[in-house]
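Working notes, beginning with the structure itself.
Whatever order the structure lists them in is the order used to number ligands and atoms, beginning at 1.
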Amino acid sequence: MMEAMTMNAAELTSRFRIAGVVEFAETEHGLVKATVARAGMTGELYLQGAHVTAWQPAGARPVIFTSSRAIFAPGKAIRGGIPVIFPWFGPHPTDPTQPQHGVVRTAMWQLDQVEQSAEGVSLELSLTPAGFALRYRIVFGEELQLSLTVQNTATGAVSFEEALHSYFAVSDVERVAVSGLEACSFIDKTTGMQLCPPAGAPLTLSKETDRVYLNTPDSRAINDPGWGRRIVVATAASASTIVWNPWPEKAAAMADLGADNWRGMICVETGNAADNRVHLPPGGTHEMTTRITVDAG
Ligand code: BG6
């Protein structure tokens with residue numbers, strides 16, 4: 001991976017701070033985070049992994065779930081928020097010594113630009129893992145907009161998987177329904193990667209769920225009657241939707257999640273994985289976008 005020009009919180013403050021709107025701080029373990037606030041909306045981003053850990057529109061409950069046991073330390077993936085998964089999803093296809101979910105979620109991204117506009121506060125980051133140039137634009141506003149652009153900088157054609165591994169905060173994972181995936185077949189990772197036919201009905205969860213839905217439409221929603229709201233995830237150039245909740249037994253085995261945390265989260269991830277991996281010619285680019293909004297349902 002090429003060495004990014006990384007700045008500490010003081011340097012970021014002098015270059016990008018917008019007083020009261022975008023502030024930078026160093027956490028006790030030496031990670032740098034940006035906090036964003038405008039007109040009642042708040043958000044938070046760690047430069048390690050370009051990892052969004054919070055977003056809360058004005059007057060709303062938190063939309064993004066970050067585990068109360070998450071570990072914020074160099075080289076450690078943060079449990080919750082929106083990890084960026086690239087260039088492989090899940091275990092590496094051939095090399096078990098490689099990290100799960102790729103190499104960018106614990107890498108130090110470079111912050112290139114911070115701007116305010118009518119739609120919100122945008123932060124643009126970049127990273128150049130071997131053979132690729134990545135750009136990631138995040139807009140914190142009344143919507144949360146995320147846009148990941150991948151360029152193939154190698155001399156030959158490549159393919160990759162990617163995901164914005166979004167953890168959403170819900171009242172009770174057993175009482176929410178995910179709509180938009182009714183007509184899609186899926187790979188069930190809990191049953192040895194079995195390919196399952198479309199269910200024809202909104203998804204409700206009653207056990208460990210780990211599914212890669214294929215060829216998914218551009219909109220899906222998490223209907224949460226317990227909190228009287230709906231989280232809508234509208235995407236572009238994302239053909240896969242991954243739905244995950246580990247359920248209590250597996251959650252208990254994860255030190256950074258724990259048996260008491262699983263009920264308040266559901267991952268509904270924007271991505272291109274498995275059969276939907278992306279193929280790029282040399283110099284080619286691909287941009288995947290997701291827009292998250294909240295309404296009364
Ligand atoms: C999901 C995968 O996206 O992420 C699951 O489908 C995986 O299989 C989960 O367990 C969490 O992964 P990690 O590496 O953050 O523990």
> Counting N and O atoms only, with roles assigned by atom type, does the side chain of Thr13 sit under 3.5 Å from a partner on the main chain of Ala9, one being a donor and the other an acceptor?
Replying inline: yes
> With a cut-off of 4.0 Å, which atoms of ligand 1 are near a heavy atom of Gln100?
Replying inline: 7 (C), 12 (O), 13 (P), 14 (O)
> Can you tell which of Lys250, Arg79, Lys189 gets a heavy atom nearest to atom 13 (P) of ligand 1?
Replying inline: Arg79
> Short list, please: which atoms of ligand 1 are under 4.0 Å from a heavy atom of Glu269?
Replying inline: 1 (C), 3 (O)
> What is the ring orientation for Phe160 with His286, classed by angle as parallel under 30°, tilted 30 to 60°, or perpendicular over 60°?
Replying inline: perpendicular
>> Looking at non-hydrogen atoms alone, which of Phe89, Trp244, Tyr167 comes nearest to atom 9 (C) of ligand 1?
In response: Trp244
>> Please report the interatomic distance NE2(His92) to CD(Gln100), rounded to the nearest 0.5 Å.
In response: 12.5 Å
> Nearest protein heavy-atom contact for atom 6 (O) of ligand 1: which residue, which atom, what distance?
Replying inline: Asp210 OD1, 2.5 Å
> Quick one: does ligand 1 sit under 4.0 Å from the side chain of Arg105, the backbone, both or neither, non-hydrogen atoms only?
Replying inline: side chain
> Can you say whether the rings of Phe65 and Tyr167 are parallel (under 30°), tilted (30 to 60°) or perpendicular (over 60°)?
Replying inline: parallel
> Which distance, rounded to the nearest 0.5 Å, do you find between the CZ of Arg220 and the CD1 of Ile231?
Replying inline: 13.5 Å
> Is Arg291 salt-bridged to Asp218, cutoff N-O under 4.0 Å?
Replying inline: no
> Looking at atom 1 (C) of ligand 1, what's its closest protein heavy atom, distance included?
Replying inline: His165 NE2, 3.4 Å
